[in-house]
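Not measured: the values here are computed from a predicted model. Note on naming: letters A, B, ... go to the chains in the order of the sequence lines (proteins, then strands), and numbering restarts at 1 for each one.
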Amino acid sequence: MADSVYVFWLFGIFVALLAIVGFYCILITSNLIRTLIGMEIVTKAVTFLIILVGRSTGNTGLAQSFAITLIVVEVVVIVVASGVVISVFRRNGSIDVNLFRNLKG
Amino acid sequence: MPTLLIILPLALLLILNLPLLRAARRVSFWLCAVLALAQVVATATHMGGLIPDLGAAFDPYIVLQLRMTGLSEVVLLAIGIVVLASLFTARAMIADHDERFKFGNLVILAMMGLNGTALLADLISLYVFIEITAVSSFILIAFDRDSDGLEGSFKYIILSAVATAALLASIALFMMVSPDTSFAAVRAALAVSQHSFYVNLAAGLLLCGLFVKGGLVPFHWWLPDAYSSAPAPASVLLAGIITKVSGIYALIVVSTSILTVGGAAGEVIMVLGIVSAIAGALLALGQRDMKRMLAYSSVSQVGYIMLGLGSGTALGVAGAVFHFFNHAIFKSLLFVNAAAVEGSLGTRDMDRMGGIASKMPVTGVTSIIGFFSAAGIPPLAGFWSKVMIIIALWQAGHQTASVVAVLVGVLTLAYFLSMQRRVFFGRLREGLGEIREARMSILVPAVSLALITVAAGLFFKPVFSKIIMPVGEMLVK
Amino acid sequence: MIDDLVVNAALCMLMTAAAIWTVVTVRLLRAAIGLALTSALLTIVMYRFGSPLAAAFELSVCAGLISVIFVSAITLTSRLSSDRLNQRESEVLRRFWFLPLLVIIAGVILYKTSIPIEIIAFEGKTAAQDDVRSIIWNTRHLDLIGQIAILLAGAIGVVLLFKERKHG
Amino acid sequence: MSELNLVLPIAVPIIAGILVLPFRAARGTVHAIITFAVAAFTLALSLALFGSEAALSVPWAPFGLDFSLRLYSFSAFILVAAAGFGTLISLYAAAFMRGKEKQNQFYGYFLLTMGLVNGAVLSDNLLLMLFFWEGLLVPLYGMIAIGSEKSYRTATKALIIVGASDLCMMLGIAMVYSITGTLTISKVSVATGSALGSAAFILMAIGAFSKAGSIPFHSWIPDAARAAALPFMAILPASLEKLLGIYFLSRICLDLFALTPDSWLSVLLMALGCVTIIIAVLMALIQKEYKRLLSYHAISQVGYMVLGIGTAVPIGIMGGIFHMINHAIYKSCLFLTGGAVEHRAGTTQLEKLGGLRAAMPVTCICFLVAAASISGVPPFNGFFSKEMVYAGALERGPVFYIFAVIGSFFTAASFLKLGHAVYFDRKGDGMERVREASPAMLIPMVALALLCVVFGVWNAWPLDTLIAPSIAASGVTPGETHGGASVFLVVMTCVALGGAILNHLSGYHITRRGFTAVDHIHETPGLSWAYERAENRYNDIYDLGKRALVFCARLLMKVDRAVDWVFERLAVAAAYATTARLRALQTGNYSLYIVLCLAGAAAVVAYLVQ
């Protein structure tokens, strides 16, 4: 069990780092597609966490099925999101985040 | 019957989308409406105990881990009603047959996701079904592909992704202590390890994820944009039921069947409830856009639900559930009316309206009913649920919260009055002489929803003792 | 055992580095490739963590399909994308040098903090629970149905959002 | 007498109101007939019910909220009174509203008000009563709002003030519930000794005060009277709601809490009563508009009722309740005369009116009777109830009594001014073609004026049959009361009245106009003769006194407007300022949103993990 604790703790750090990188990307960019890429990196972090938990607890069956579900769902979200981005581009001719501030107040 | 509620919408969708059945698309609206109506009728009769179980015979063949509780019945009923309202509004607002067909598909998909959310008892499935609903609503918001709709949709996608990440991380962390992700297993595991850092982290992340989905202050940012920029029938669905089920219902279920309400989680929920109730009402006060005002009013009403839930008593939770139902009804009613007004005037700017009650009497009267219910004026249903919440708070020793809840009622009255005055009362504004009452397919849901609100208020006694209170007692064991 | 750990840790570091590269690179296409690379590295780690089936999904869907989606979205939009946006983007990204440093600092801080992990207790391992296929097919019907539904939603989304609008 | 009959006075007007509301009418004859029929039916029914006792209790909702009604001597008496006023006013309305806009709304709200008032009077459950009580907000708002384009402001203000005080009442009820564990009024009895009990008393009294229109919850009443084009707007607050407010105040004091003379709450009530009397009457004195002047008097007279009930001695309580019913009679009559003048002369500005005595003789006589009554001139009803209040106040302390008498002096002075300006002075411009009001308007007026006389001359009858049993049912033994005003009190009253007359005459002597007759001389009566003797010599002192008094009145007006400002502007401005701050956060930039979400999540997680 001590081994699992160590593994979880060590690789948990990488989960946190990936999440930081992803959020950093979402926050700082001004390009909608790059925002989606940031989102994907955050998702990677979560996937990694799930697999890591499976590895640490030995419950790999559930973890894998969860991860697979997650991957399927995420791809659909990304598809729809990029569909929105493409529609935005068709409409405005640009995918600049700063044009995206009509709704406020 | 629980299985059918999930399988039938999916089957209908698959059949409708078969390339061979192009002819069926012409009647797709009616098929969708019949499905939603069937859900309403089946749930209502089941609740009334008139029939044992419509689809019990089919259940053994498909094994899904679903559970039908009193709470799910209330939620399923609300889902059916709001979906019907949204479908009828779409019939009036969307002219193109093909577009309407796609819209109907998305609504039914969303309904399937909502039904699943209302019936399941497993965290991973909760995630999946919340996402089904969310993806359908992303598309619904961007349905017209106008600039505002796309912006609202994208903001919802991004903030929803943040929420999803929190949700997933928390499920993963719960898996550290529990062999299974079903509610019962997680609850049992939490009973053993309450004080672990990671378990508390997981609980916090789970709550935050659902706070974003439900639009509580300070997690509400996407909500006004999404509600106000969505096409009219989509905002009926969004405001009426989608965010409520995937955020608020999920919070009710999670906090009663996994976390134990009344502890630190209960305190967090209550504080956010107070903040949302006040901030939502204040934000609504300053709006010019009719739908945006209604959106902020949703934030405020959700605050009430959270207050009832946070009180942790049976009466409070029952009040929260009843307010949930009432809110679904009166908020969709108000959004249907907003759709009618928008359809007739072509604008949502309240400063460009005035006195249109004389031209649109049905819309005017039903919106007054919805507004009275939202503001908690007796004897409409909204009054009872607010009273239940306030009494529960007082009894649970949260006197301050109870007083705040009462005072927010004044603010609610203020912004709704301002809306009524700017839109419906007074002298008809110049240039609006030509407007006419909305089409029948908008008036039908408006009148029906108004009648439901009135009926639920007048027959509060049986509703309370037969349906609502048992739910509250079941949830707080 | 220790070797295994070292290899895994090295792979994770590479993965983090790839993610950072994804974020700081100016050209969008390269960012998409960086994402695919991150995904591929994650796949290897997943495989080594005893999750081969999920790893296969990750490789085919995330490293494959999502990259394709991104690349197509990028080509669809960059064709007319204004120079101003690109310029501003590169200005913004010049500030990104700060990110690797941030990640390293955060990593060190996290490494030094010791949060007690009290419970990791899954010992009742049975054959049925171990096999991912039996779990998916025997106990998680609901998720499967959900996946079908969400794919359907995605299909409708593609039809609606990717197609040019008929009028206007 | 079946118990179900108790539901009829509530249900019939409400149902009729809801039925009438949606149908527009050009002339409104049908609406008027329906309204009158319903009101007359209610009156007949309440007369039939009078004298009997009945109780109806149907379990309705949980938390002790039963649909329980109770008819006993007090509620039966108020029921009859409310129905009587309703009938008379509906008759008057038929004439006044003819051909006006939005008749359907007017009659609908009117019927709703009647039903809801009856419900509030009859209910024997605090929450049920609150239900009707809050419901009254709806017609009140509607009635003000249909007045004119700009009435929404006033209507909203009224709604906010009354709504806020209703919330106080709701809290008070919650406290009572937590003290006693029951919501049935006839079972509740709370000692006022404890802090919670006192708080509950004050909170519930606030609700009653705002309905009755006592200071500091009054500021919507004068505005409503001006904003609403319909004189009935002033009648409903003046009679029906006042009836209800004071009824509830006496129920609180007598039934719910058993107010005793030695408690500080009693002193508080009396002090509030005195303050209300003086402030409102001083403000009435400087008004230049018929209805507005009457409105301030409506507030001032509430002071007498509060003072009477607050004395907590039998004669004072009886005086307070008797004054309530008398006030409803003469104030309705006065407003009806105001409405008639508005209808015929087209204005209610005192400056433009004048010399209507010859043109509208019946109206003038009715006005004189009612004005004499409100001023407390002997043979009329107001005299007797005021004497009883005086007696009660004197028993508790001379200070309260002195205030009450001063109030009486100013009341008389301002009505001399009003009557003189409207009916007796030289004819105003354009007043030549004014005619007497129509019979439908005159009948209620005359009936009310007659009631003033009847209740005055035969005051033993209402006191013995109506009021004594009412308070006896609450456990207060009425002593030897009627007609037995002591010589001292009568003499003092006459001195005050005489002073007012002298005061008026001397003022008129200077300005030669009734309208301005009291603008300058607000001296104590004892000094007015000195003024006549030596006009020039005392001029400076006189000027000083005059300025001081006018200044006081103006200052009070400022205070009044300040209270109003707090309700109308400050609260609203504060809300909007907060709104603007909050809206500034919603910038449209989703990076900021994410940061805020993450910050929120960090706070939540930190709280849970700690």
Would you call [X] and [Y] a side-chain contact if the rule is heavy atoms closer than 4.5 Å?
{"X": "C/L161", "Y": "A/I86", "result": "no"}
{"X": "A/K44", "Y": "C/C62", "result": "yes"}
{"X": "C/L5", "Y": "A/L10", "result": "yes"}
{"X": "A/I41", "Y": "C/T38", "result": "no"}
{"X": "C/M46", "Y": "A/T47", "result": "yes"}
{"X": "A/F14", "Y": "C/M13", "result": "yes"}

Point-to-point distance, once rounded to the nearest 0.5 Å, from [atom1] of [X] to [atom2] of [Y]:
{"X": "C/T43", "Y": "A/I51", "atom1": "OG1", "atom2": "CD1", "result": "10.0 Å"}
{"X": "C/L53", "Y": "A/I68", "atom1": "CG", "atom2": "CD1", "result": "4.0 Å"}
{"X": "C/I104", "Y": "A/L17", "atom1": "CD1", "atom2": "CG", "result": "9.5 Å"}

With sequence neighbours excluded, tell me which residues meet ring pair (Phe, Tyr, Trp, His ring centres under 6.0 Å) with A/F11.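 A/F11 satisfies ring pair (Phe, Tyr, Trp, His ring centres under 6.0 Å) with C/F49 once adjacent residues are dropped.
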Proximity breakdown for [X] and chain C, heavy-atom pairs closer than 4.5 Å:
{"X": "A/T43", "answer": "neither"}
{"X": "A/L52", "answer": "both"}
{"X": "A/L36", "answer": "both"}

Taking all non-hydrogen atoms of both residues into account, name the closest pair between [X] and [Y] and its distance.
{"X": "A/R34", "Y": "C/T25", "value": "NH1-O, 2.9 Å"}
{"X": "A/S65", "Y": "C/R140", "value": "OG-CD, 3.5 Å"}
{"X": "C/L76", "Y": "A/F89", "value": "O-CE2, 3.6 Å"}
{"X": "C/Y111", "Y": "A/I13", "value": "CA-CD1, 3.6 Å"}

Between C/G146, C/P52, C/G157, C/A32, which shows the greatest number of heavy-atom pairs under 4.5 Å with chain A?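 Max contact count across the listed options: C/P52.
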Of all of C/L151, C/I150, C/I20, which one pairs up most often with chain A through heavy atoms under 4.5 Å apart?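 Sorted descending by pairs with chain A, the first entry is C/I150.
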Shorter than 4.5 Å, heavy atoms on both sides: which option in A/S82, A/G83, A/G54, A/A63 has the most such pairs with chain C?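 Looking at each of A/S82, A/G83, A/G54, A/A63 in turn, A/G83 comes out on top.
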Could you check which of A/I78, A/I20, A/I71, A/L18 has the highest count of heavy-atom pairs closer than 4.5 Å to chain C?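 Heavy-atom pair counts peak at A/I71.
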Please look at C/I69 and chain A and tell me whether the side chain, the backbone, both or neither of the residue comes under 4.5 angstrom of a heavy atom of that chain.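 Contact with chain A: side chain only.
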Can you tell which part of C/F70 gets under 4.5 Å to a heavy atom of chain A, answering side chain, backbone, both or neither?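 It is the side chain, since no backbone atom gets that close.
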For the side chain to side chain contact (heavy atoms under 4.5 Å, CB included) test, which of A/V79, A/V76, A/V80 pairs with C/V158?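 Among A/V79, A/V76, A/V80, the one meeting side chain to side chain contact (heavy atoms under 4.5 Å, CB included) with C/V158 is A/V79.
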Sequence neighbours excluded, every pair satisfying side chain to side chain donor-acceptor pair (under 3.5 Å) that has a member inside residues 49-62 of chain C: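 Every pair satisfying side chain to side chain donor-acceptor pair (under 3.5 Å) with a residue in residues 49-62 of chain C: C/S39-C/E58.
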